[in-house]
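A quick write-up on the structure given underneath.
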Amino acid sequence: MSKEKTYLVTGGAGFIGSNYIKFLFETYPEVKVVNLDKLTYAGNPENLKSVENRSGYYFVKGDICDRVLVADVFRKYSPDYVINFAAESHVDRSIGDPDDFIKTDIYGVYSLLENCRKYGIERFVQISTDEVYGSIDKGSFSETDTFNPSSPYAASKTGGDRLAFSYFVTYDLPVVITRASNNYGPNQYPEKLIPLFITNAMDDKKLPLYGDGKNVRDWLYVEDHCKGVEYVLQNGKNGEAYNIAGNCEKQNIEITKKILELTGQSDKLIEYVKDRAGHDRRYSLDDSKIAKLGWQPEYDFEEAMRKTVQWYQENEEWWRKIKSGEYLEYYKEHYGQDL
Ligand SMILES: NC(=O)c1ccc[n+]([C@@H]2O[C@H](COP(=O)([O-])OP(=O)(O)OC[C@H]3O[C@@H](n4cnc5c(N)ncnc54)[C@H](O)[C@@H]3O)[C@@H](O)[C@H]2O)c1
């Protein structure tokens, strides 16, 4: 159905966005994809090496907050769909310096929505997060539950989520919203728990585990997330939000032990460190709404974790460049400027 459509994917050089773009080309070989990405520290053109020279792929380096530039992109490419992955996404960084989070995760969404309203689109997908609901001791959050974001990251994502909804209610813009659990898989920036621990374990370095290690997250393999987003884009109802869960709740200590097992390391590498400020205890999503729509995750945790560890083992060059700061040099060489 959507093989000749033009997708504007924002933040497509990041972890999930780059996986989504590769998934689109595998699924619809004729599709056109415009990737608008500012290339912050988290955006890495190497994530898209396999598609960067193919027909139908267009890269625009730019900030979603730049309304004039976004308007140029709309005039030049006339996208049918806009999928907004662009965000500042790391909770720890949002605690240190929330400024860019407020800009990109709220104003950036506004800038995109305004251009969608002006130029017209078939669908706008706002990629939100389970973090908008906050922590829950027992049970799971459904889409109509109250928001209770507790970090500047989660609060700005909540702003973007509700702003997108308001454009549906107020201007009848065809908006759908997805709220996914914690993702893992290839190309995740090694500051996030799973890639950080895998790559540290590979180097015999300590795995710094927050607090008592018993915080619970639901884990979703990135390929499943990409398929879920596409499913909602094609089948969701305007104005609705859909939780995308992995149905795989684990304590951080369980994740850590699995990584140690898969990398052949011992528990001695675990180092308990002072907990993150305002660290939510447990996230849990009720995914019955998307299940009723006809979608569920395919990957089993064991299999997906094996694939993930294997990817980092086979792509040392990718993460070593980032961890050693070499990527900054690569960026300057390719783009003629500092990050
Ligand atoms: N990673 C997860 O576990 C997870 C879970 C649920 C939802 N999400 C959401 O999914 C989206 C993608 O997450 P990710 O983990 O791939 O993030 P990421 O940090 O790996 O990638 C973000 C991308 O956005 C780009 N970007 C940042 N600011 C920009 C701006 N102002 N203009 C244009 N591009 C900009 C970056 O360069 C980068 O390529 C985010 O919206 C995030 O909130 C992530």
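Just the heavy atoms: all of them, side chains too, but no hydrogens, waters or symmetry mates, feed the values below. Note that ligands are numbered from 1 as they come in the structure, with each ligand's atoms numbered from 1 the same way.
A cation-pi arrangement is found for Lys250 relative to Phe301, the charged atom lying closer than 6.0 Å to the ring centre and inside a 45° cone about the ring normal.
Short contacts between ligand 1 and Phe85, defined as distances under 4.0 Å to a heavy atom of the residue, involve ligand atoms 11 (C), 12 (C), 40 (C), 41 (O).
When the options Tyr107, Tyr153, Phe15 are ranked by their closest heavy atom to atom 42 (C) of ligand 1, first place goes to Tyr153. Atom 23 (C) of ligand 1 has its nearest heavy-atom neighbour, among Gly11, Gly160, Ser156, Gly108, in Gly11. Relative to atom 44 (C) of ligand 1, the option among Ile16, Ile127, Leu36 with the closest non-hydrogen atom is Ile16.
Side chains of Trp318 and Asn47: a donor on one and an acceptor on the other come within 3.5 Å.
No part of Arg179 comes within 4.0 Å of ligand 1, judged by heavy-atom distances. Only backbone heavy atoms of Leu39 (N, CA, C or O) come within less than 4.0 Å of ligand 1; its side chain stays farther off.
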Residue pair Glu131, Tyr153: steps toward the side chain to side chain donor-acceptor pair (under 3.5 Å) verdict: CA-CA 9 Å; Glu131 302 209 19; Tyr153 163 68; 5.2 Å; no
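Regarding atom 17 (O) of ligand 1, its nearest protein heavy-atom neighbour is Ser89 OG, 3.3 Å.
Side-chain atoms of Asn84 never come within 3.5 Å of backbone atoms of Ile127 as a donor-acceptor pair (strictly under, hydrogens ignored).
Heavy atoms of Thr10 come nearer than 4.0 angstrom to ligand 1 in no pair at all. Proximity of Gly62 to ligand 1 is established by a heavy-atom distance of less than 4.0 Å.
In summary, Arg320 and Glu317 do not engage in a salt bridge, as defined by a charged side-chain N under 4.0 Å from a carboxylate O.
Relative ring orientation between Phe141 and Tyr133 is described as parallel, the plane-to-plane angle staying below 30° on a 0-90° scale split at 30° and 60°.
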